[in-house]
Amino acid sequence: MAGGARDIIVAGGFRQGRGEPLSSVDPATGRVFAEVSTASVEDVDEAVTAGEAAMRDPAWRDLLPHRRAALLHRAADLIHAESESLARLQTLDNGKTITETRALVASAAGTFRYTASALETLDDTLTTARGPYLSMSVHEPVGPVAAITPWNSPIASEAQKAAPALAAGNAVLIKPAEWSPMAALSLGALLLRAGFPPGLVSVLPGPGGVVGEALVRHPGVRKVTFTGGTGTGRRIAAVAAGKLMPVSLELGGKSPTIVLPDADLDQAVRGIVFGIFSSQGQACVAGSRLIVHRSVHDEVVERITAAAEALVIGAPARESTHMGPLIAAEHRAEVESYVRLAAEEGGHISTGGTRPSGDALGEGFYYRPTVITGLGPGSRVCREEIFGPVLVTLPYDDEDELPALADATPYGLACGIWSRDYRRAWRLGRRIEAGTVWINTYKQLSAATPFGGVKESGLGREKGREGIRSYMTQKGVYWGLDETPSAWGL
Ligand code: NDP
């Protein structure tokens with residue numbers, strides 16, 4: 001580790017990047033715990049060029065899918081073997097509780113394992129011929145892939161992109177968020193240990209405006225898979241349009257959770273509290289807008305308020321903690337400004353709205369779980385993503401109002417429905433504009449089930465077998481079977 005800063009991974013080699021080093025801060029204490037070297041535009045160019053060469057190398061290009069799957073399985077084994085240290089590193093880097101970071105690491109290993117199995121069972125197909133030939137559809141790698149990720153669920157986000165990109169035969173260039181680069185660097189190291197050829201994997205931390213932009217604009221990058229804010233996603237899509245390059249965009253959300261009057265309220269309250277306050281609300285799918293039938297609204301708010309007040313806020317490495325700190329002081333300030341805005345807009349804060357007290361929490365970026373009532377659906381706090389532990393509630397009277405009320409934001413990422421009547425929940429779930437609908441559950445995710453958003457929540461789907469296909473391009477192949485293959489009969 002020359003220069004004292006942690007090395008980055010350029011074209012399969014560990015070395016100091018040529019960008020300005022960044023400091024990784026523990027959000028629980030506000031203290032710097034590591035310096036990380038960052039990539040420069042020249043490093044990006046080197047990494048992309050090496051990625052193109054590695055993809056052309058017959059040692060990789062001709063490796064059959066079941067052999068690529070073996071490498072993915074090995075990566076899963078290594079992630080599993082290192083799971084506790086990976087989870088602890090991540091908790092230090094972004095303040096998520098240790099129970100949550102363990103789940104993220106397990107999800108990353110599971111993604112590699114699922115992808116390996118799916119890869120082995122993906123078929124090329126014979127297509128229906130309309131002449132004297134045999135015709136086929138085969139799949140090939142799309143080209144070097146830039147995987148740009150946010151800070152809220154590292155390792156799981158990176159695995160969700162790297163596993164299918166590699167399975168499809170591509171080089172992958174990972175650009176983690178500046179606030180949480182550590183897990184991506186560890187994942188990159190494990191991928192190299194698993195035996196992926198050097199050159200195929202780079203991990204390039206650094207500012208989005210420099211490293212991210214350089215990757216997106218680089219002529220050698222042939223696909224961008226991005227998770228992050230809607231504004232950044234829109235900017236990436238505009239550059240991609242100029243290059244005619246496919247993009248997959250997993251963006252923000254303001255997801256509604258609907259409580260019908262026949263819901264099991266005990267179950268619903270537990271699910272709602274987990275859906276908004278786990279990860280300190282810093283989740284794209286956080287159920288941040290609660291839409292409750294007026295007949296049970298006050299009771300539900302009262303119960304959620306009590307449950308929120310019982311949550312343990314504290315050091316994220318402690319097993320009993322429910323909520324750790326937010327990622328950064330600036331981010332907490334933004335969350336606080338939304339709570340002030342809610343009060344200005346006429347909202348009532350039924351719990352939270354302040355930092356927790358206590359010496360042990362004073363240095364970290366903690367914020368109490370907050371519940372706001374009394375705002376209309378058109379208020380900014382009900383329409384904009386806050387990305388923190390803030391729940392707004394809206395009563396409704398008539399089931400027919402629900403689809404319009406649920407869809408009354410620019411987003412369409414997820415939706416929760418709590419009801420004992422499965423027919424009703426099904427009908428409602430099919431009408432709401434969202435990429436994921438949870439009925440009597442929330443925040444459950446499977447590597448096999450498509451994930452993504454509609455409207456300003458994104459473009460494209462990750463996960464599942466189609467998720468691997470999205471990193472491939474199709475080719476039609478024709479085998480002439482006639483002695484006179486040309487229409488001239490020559
Ligand atoms: P950002 O969009 O700010 O950043 C995401 C990534 O993009 C970071 O690595 C960032 O780098 C990079 N980036 C920034 N500017 C550019 C650019 N011009 N070109 C290329 N890359 C760039 O989002 P946040 O990190 O703040 O993450 C929070 C957002 O992510 C929320 O809106 C949340 O909803 C969304 N999200 C969506 C998910 C989904 O699956 N739909 C899942 C998780 C989060 P840097 O860190 O240096 O700024």
Side-chain angles (χ1 to χ4, degrees), residues 17 19-20 22-25 36 38-39 41 44 93-94 96 104 107 146-161 173-184 203-218 221 224-240 245 247-255 278-288 326-328 330-332 334-335 384-388 409-414 434-436 443 445 449-463 467:
E20 284 295 311
L22 62 84
S23 301
S24 278
V25 173
V36 176
T38 70
V41 173
V44 168
D93 204 19
N94 84 343
K96 275 199 167 192
L104 289 179
S107 152
I148 303 178
T149 53
W151 43 263
N152 62 322
S153 298
I155 210 157
S157 299
E158 281 98 27
Q160 198 165 305
K161 298 177 183 314
L173 304 115
I174 302 173
K175 202 309 266 176
E178 280 179 275
W179 281 343
S180 63
M182 304 305 264
V203 182
L204 306 166
V210 178
V211 179
E213 284 272 344
L215 280 167
V216 175
R217 291 183 185 279
H218 197 292
V221 168
V224 173
T225 168
F226 170 79
T227 298
T230 297
T232 318
R234 196 174 271 124
R235 190 184 170 91
I236 289 173
V239 177
M245 166 178 72
V247 282
S248 133
L249 304 172
E250 303 287 352
L251 308 176
K254 186 76 180 178
S255 300
S278 55
S279 303
Q280 294 74 261
Q282 302 168 127
C284 53
V285 294
S288 52
L326 302 190
I327 183 78
E330 301 95 288
H331 184 58
R332 179 174 62 179
E334 211 168 303
V335 171
E384 295 178 19
E385 183 181 44
I386 299 175
F387 219 58
T409 77
Y411 297 109
L413 191 59
T436 297
K443 261 192 166 183
L445 291 164
T449 310
F451 182 76
V454 297
K455 294 156 65 187
E456 295 200 5
S457 290
L459 267 185
R461 293 289 176 269
E462 294 194 303
K463 301 180 180 250

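First listed ligand is number 1; within each ligand, the first listed atom is number 1. Heavy-atom basis, side chains included; hydrogens, waters and symmetry copies ignored.
- Looking at atom 6 (C) of ligand 1, its nearest protein heavy atom turns out to be T149 O, 3.5 Å.
- Here the heavy atom of the protein found nearest to atom 31 (C) of ligand 1 is E385 OE1, 3.5 Å.
- Nearest residue to atom 7 (O) of ligand 1 from F387, Y411, F226, F451 is F226 (criterion: closest heavy atom).
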Q160 vs S153, side chain to side chain donor-acceptor pair (under 3.5 Å): CA-CA, chis, key distance, verdict | CA-CA 11 Å; Q160 198 165 305; S153 298; over 6 Å; no
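- Any N or O atom pair closer than 3.5 Å counts here, and C284 shares no such pair with ligand 1.
- Taking all heavy atoms of G208, A328, G233, G212 into account, the minimum distance to atom 17 (C) of ligand 1 is reached by G208.
- With hydrogens left out, the protein atom closest to atom 16 (C) of ligand 1 is T232 CG2, 3.4 Å, a heavy atom.
- Other residues, nucleotides and ligands contribute at most 12 non-hydrogen atoms within 6.0 Å of the CZ atom of R235.
- With rounding to the nearest 0.5 angstrom, the CG atom of L215 is 12.5 Å from the CZ atom of F226.
- For P150, heavy-atom contacts with ligand 1 shorter than 4.0 Å involve the backbone as well as the side chain.
- Here the CD-CD1 distance, from Q282 to I327, works out to 6.5 Å after rounding to the nearest 0.5 Å.
- Those atoms of ligand 1 that come under 4.0 Å of a heavy atom in I148, given as number and element, are 6 (C), 7 (O), 9 (O), 12 (C), 20 (C), 21 (N).
- Here L215 has no heavy atoms under 4.0 Å from ligand 1, in either its backbone or its side chain.
- Considering CG of L251 and CD of E456, their distance stands at 8.5 Å, rounded to 0.5 Å.
- Interface of R235 with ligand 1, defined as ligand atoms under 4.0 Å from a residue heavy atom, comprises 18 (N).
- Summary of contacts: the protein heavy atom closest to atom 41 (N) of ligand 1 is L251 O, 2.6 Å.
- Those atoms of ligand 1 with a heavy atom of G206 less than 4.0 angstrom away are 47 (O).
- Distance alone, capped at 3.5 Å, places no donor-acceptor pair between the Q280 side chain and the G388 backbone.
- Here the heavy atom of the protein found nearest to atom 18 (N) of ligand 1 is E213 OE2, 2.9 Å.
- Atom 4 (O) of ligand 1 lies below 4.0 Å from none of the non-hydrogen atoms of the protein.
- For atom 48 (O) of ligand 1, the nearest protein heavy atom (residue, atom name, distance) is E178 OE1, 3.9 Å.
- Some N or O of K175 is nearer than 3.5 Å to an N or O of ligand 1, by distance alone.
- Less than 4.0 angstrom separates some heavy atom of L413 from each of these atoms of ligand 1: 41 (N).
- Atom OH of Y411 sits about 7.5 Å away from atom CD of E384, to the nearest 0.5 Å.
- The part of N152 lying near ligand 1 is the side chain, judged by heavy-atom distances below 4.0 Å.
- Looking at H331, its side chain does come within 3.5 Å of a backbone N or O of F387 through a donor-acceptor pair.
- With a 4.0 Å heavy-atom cut-off, ligand 1 is reached by no atom of W179.
- With a heavy-atom cut-off of 4.0 Å, T227 touches ligand 1 through backbone and side chain alike.
- Counting only distance, with no hydrogens or angles, the side chain of K254 and the backbone of S288 share no donor-acceptor pair below 3.5 Å.
- Each of the atoms 1 (P), 2 (O), 23 (O), 29 (C), 30 (O), 32 (O) of ligand 1 lies under 4.0 Å from some heavy atom of G229.
- Side-chain atoms of T38 do not come within 3.5 Å of backbone N or O of G206 as any donor-acceptor pair.
- The closest protein non-hydrogen atom to atom 24 (P) of ligand 1 is W151 NE1, 3.6 Å.
- P207 counts as a contact of ligand 1, since one of its heavy atoms falls under 4.0 Å from the ligand.
- Once rounded to the nearest 0.5 Å, the distance linking CD1 of I174 with CD of E158 reads 6.0 Å.
- Counting only N and O atoms by type, the side chains of T149 and K161 include no donor and acceptor under 3.5 Å apart.
- Nearest non-hydrogen protein atom to atom 35 (C) of ligand 1 is G228 O, 3.1 Å.
- Judged by distance alone, the side chain of N94 and the main-chain N or O of S180 form no donor-acceptor pair under 3.5 Å.
- For the atom pair L413 CG and T230 OG1, the distance stands at 9.0 Å (nearest 0.5 Å).
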